[in-house]
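All values below come from the heavy atoms of this structure, side chains included, with hydrogens, waters and symmetry mates left out. Small disclaimer: the values here were computed from a predicted structure and weren't measured. Below, chain A is the first sequence line, B the second, and so on; all start at residue 1.
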Number of protein chains: 2
Amino acid sequence: MQIQIREATAADWPAVWAFFRPIVAAGETYTYPRDLDEASARELWLLRPPGRTVVAVDGAGTVLGSAKMNPNHLGAADHIAGASFMVDPGHGGRGVGRALGEHVLAWARAEGYRAMQFNAVVETNTGAVALWRSLGFRILATLPEGFRHPTKGYVGLHIMFQEL
Amino acid sequence: MQIQIREATAADWPAVWAFFRPIVAAGETYTYPRDLDEASARELWLLRPPGRTVVAVDGAGTVLGSAKMNPNHLGAADHIAGASFMVDPGHGGRGVGRALGEHVLAWARAEGYRAMQFNAVVETNTGAVALWRSLGFRILATLPEGFRHPTKGYVGLHIMFQEL
């Protein structure tokens, strides 16, 4: 499958929301309220500079996933970037997350960030943890019982990091 | 010195800003922009529920310091609290930070939080690191070169944590 990454536009939002909503409602992977309303979701996902949001699309223009990237801290720590990712489960396992991750890392390097930090990777989301490891991230710490999983109870929440 | 902790009101802001501004402008301890304007500072410091902001005052009502406390994460990680502290350097070394820290921990326990996480404690701010350790926090991780210190260059940024 051909995957292209491009800037997200307002017109992409309905396609993103179509997989964003069920992923967040499942409550297994994100530290967002499970009942997050669409206006709030749109506000927190579609970023303005210095943040940026992209979508991954296939050759037919179908939106397969999305990522947002931004400074993770302010002031004297704003050389550390952060990012979040959503991939349509209907298009999972086909390299969309990896393509988005590689794109975000390239963006952060080009923007002059010195590191990237993920604040909250649920430890039971083993696919994501393995993907980020394969892209150079390490687990810097795990917040013990940091995440209330809907079926697994309290599980750890990883802080993942890499220098750029 | 008698130290009392009470809710911050809008009327306290000028007294807080009087020490907030030079502390942030010095750029040695906070990940806020050094030129943070007053309106932005007020907005980020005086929190509404579920957050809360307090001031420490002496017997004469002089504001000695302030703390804000809030959920550190959303959704399924909102059982982890966070907090930030400012103490007037003119009243430093007299237990104001400790009194604020104890108050914030008591508040978090009473509110049902299960842990408290500080996201960004500058490693060269040794007084703060020692104080938080003495109040039960541990360094869960250090973001390597996470903070650009104005005279010491890139230094580590601690993530400190404790279960409640």
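Heavy atoms of Q117(A) lying under 4.5 Å from chain B belong exclusively to its side chain. For H79(A), the parts sitting under 4.5 Å from any heavy atom of chain B are the backbone and the side chain alike. Of the atoms belonging to D35(A), not a single heavy atom falls under 4.5 Å from chain B. When heavy atoms are compared at a cutoff of 4.5 Å, D78(B) approaches chain A by way of both its backbone and its side chain. Contacts between L140(A) and chain B at a heavy-atom distance below 4.5 Å involve backbone atoms as well as side-chain atoms. Residue contact with chain B, scored on non-hydrogen atoms closer than 4.5 Å, involves the backbone and the side chain of F147(A) alike. Looking at P144(A), the atoms closer than 4.5 Å to chain B (heavy atoms on both sides) sit in the backbone and in the side chain alike. With a threshold of 4.5 angstrom between heavy atoms, L36(B) does not approach chain A through any atom at all.
By number of non-hydrogen pairs under 4.5 angstrom with chain A, the leading residue of A77(B), A115(B), G146(B), G27(B) is G146(B).
R98(B) places none of its side-chain heavy atoms less than 4.5 Å from the side chain of L100(B).
A side-chain donor-acceptor contact under 3.5 Å links W13(B) and E38(B).
Here the shortest heavy-atom pairing between R148(B) and G75(A) reads NH2-O, 3.1 Å.
Taking the charged nitrogens against the carboxylate oxygens, E43(B) and R48(B) do have a contact shorter than 4.0 Å, which makes a salt bridge.
In this structure, R21(B) places its CZ atom where only 12 or fewer heavy-atom neighbours from other residues, nucleotides or ligands lie under 6.0 Å away.
Taking CG of L74(A) as the reference point, atom OG of S40(B) lies at 10.5 Å (rounded to 0.5 Å).
Both tests do not hold together for R42(B) against F20(B): distance to the six-membered ring centre under 6.0 Å, angle to the ring axis within 45°.
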